[in-house]
Amino acid sequence: MKITKLKTWQVPPRWLFLKIETDAGCYGWGEPVVEGRAATVEAAVHELSDYLIGEDPHRIEHLWNTLYRAGFYRGGPILMSAIAGIDQALWDLKGRDLGVPVYQLLGGKVRDRMRMYAWTGGDRPSEVGVGAKALVEQGFTAFKMNGTPELAIVDSHAKVDEAVARVAEAREAVGPDVGIAIDFHGRVHRPMAKALLRELEPYHPMFVEEPVLPEHLPSLKHIATGLGYPIATGERLHTRFQFRDLLAEGMVDIVQPDLSHCGGISEGMKIASLASCHDVALAPHCPLGPLTLAASLHVDAVNHNAFIQEQSMGIHYNRDNDVLDYLVDKSALSIKDGFCEIPQGPGLGVEIDEAFVEERAKVGHRWRNPVWTHEDGSIAEW
């Protein structure tokens, strides 16, 4: 069997789908994308196809190393996201060819279903109590909210009070037993994070995510030491080597690799194993589409330290189309009582409706994240 073609489609709301085809008629799907840079990743996928056409798709580890090491310049969000989608598609293809789910190829599942969480409150968080209560009524046992809108590097304590009040509102709405994840989204700088992290303690967060930007991760040792709840980060780290350094310094309790940004299933498995060596939990980042979610669930299925999975159904970014729209069998990723069964079909266990993909690709997208400014006109972190 040889790889013959890589086909890509940009589809709403902000996703890029990839299909790898072979001369034997077997195929696999993946999701190589960086939110807001889909066209750039798409170009990288087709540049990398030079290393794939004519090759045996079953040699996943060899092909991954070729894609990573054949280029003198490595890593980063674009290249690793292109590799990630290709890697997902190769695992999907191999599972389909052998007639088994990807988790079987990875050693077999340690769990039958995965606890899931949903989002509430939007980019600039509001009405979080109402939204959180609605999610609990749907069966979710955990949810995530943005902690703050934009913050200046040194801002008023009133902004801290407002953020804490929103978390208090959410906690009051759902009671003590529901997990609340609070995403700082890198919007909070070190001078403000020190106060905010400590004032959140009475509300017992399930975790606080990206309390500082990834380029400032060393500061976690100074601002988060001694907190009574976990710190999570990792969606903007792209290789096992970045996670290695983070874990070696003992700066994080939960790692959040994104299976469409960190080199795919192959690299995600290595990151999960590194985390387990440090007794650190795994909670893959996934605000993307059905293929990223399916890939994440297969990694969750075989890693004992995985404890919860993000998903984007109904998230505020998903305009025009949502996660299940592109599936032939929407039950493959259905969530019941806050859990999702590990997909059982061959490969990733989801079947993409290619005709619908073709139709929606005619609409495409040019999604960009919001660009915010502070009161003085300087650029704020989104």
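Residue indices begin at 1 and follow the sequence shown.
- For the side chain to side chain donor-acceptor pair (under 3.5 Å) test, residues two or more places apart in sequence or in another chain that qualify with Glu199 are His157.
- By the side chain to side chain donor-acceptor pair (under 3.5 Å) test, Glu42 is found to be paired with Thr8, Gln10, residues two or more places apart in sequence or in another chain being considered.
- Scanning for salt bridge (charged side-chain N to carboxylate O under 4.0 Å, His left out) contacts around Glu235 gives an empty result, with sequence neighbours left out.
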Throw together a table of side-chain donor-acceptor distances under 3.5 angstrom for residues 126-143, partners on residues two or more places apart or in other chains.
unit_1, atom_1, unit_2, atom_2, d
Thr141, OG1, Arg115, NE, 2.8
Thr141, OG1, Arg115, NH2, 3.3

Under 3.5 Å, side-chain donor or acceptor atoms of residues 51-60 against the rest of the protein: list the pairs with distances, not counting sequence neighbours.
unit_1, atom_1, unit_2, atom_2, d
Asp56, OD1, His58, N, 2.9
His58, NE2, Asp97, OD2, 2.7

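- Under the ring pair (Phe, Tyr, Trp, His ring centres under 6.0 Å) criterion, His185 pairs with Trp382, sequence neighbours left out.
- Partners of Asp325 according to the salt bridge (charged side-chain N to carboxylate O under 4.0 Å, His left out) rule, which considers only residues two or more places apart in sequence or in another chain, do not exist here.
- By the 4.5 Å side-chain criterion applied to Ile, Leu, Val, Met, Phe, Trp and Tyr, Phe72 is assigned to a cluster that also includes Tyr73.
- Checked against salt bridge (charged side-chain N to carboxylate O under 4.0 Å, His left out), Glu351 has the following partners two or more places apart in sequence or in another chain: Arg96.
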When the side chains of residues 270-283 are checked against the rest of the protein, which donor-acceptor pairs come out under 3.5 Å, sequence neighbours left out?
unit_1, atom_1, unit_2, atom_2, d
Lys270, NZ, Glu61, OE1, 3.4
Lys270, NZ, Glu61, OE2, 3.2
Lys270, NZ, Ser266, O, 3.4
Ser273, OG, Met269, O, 3.2
Ser276, OG, Ser273, O, 2.7

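- Under the ring-ring contact (aromatic ring centres under 6.0 Å, His included) criterion, no residue pair touches residues 209-234, with sequence neighbours excluded.
- Contacts classified as ring-ring contact (aromatic ring centres under 6.0 Å, His included) and involving residues 84-104 (residues at least two apart or in different chains) are given here: Tyr103-His298.
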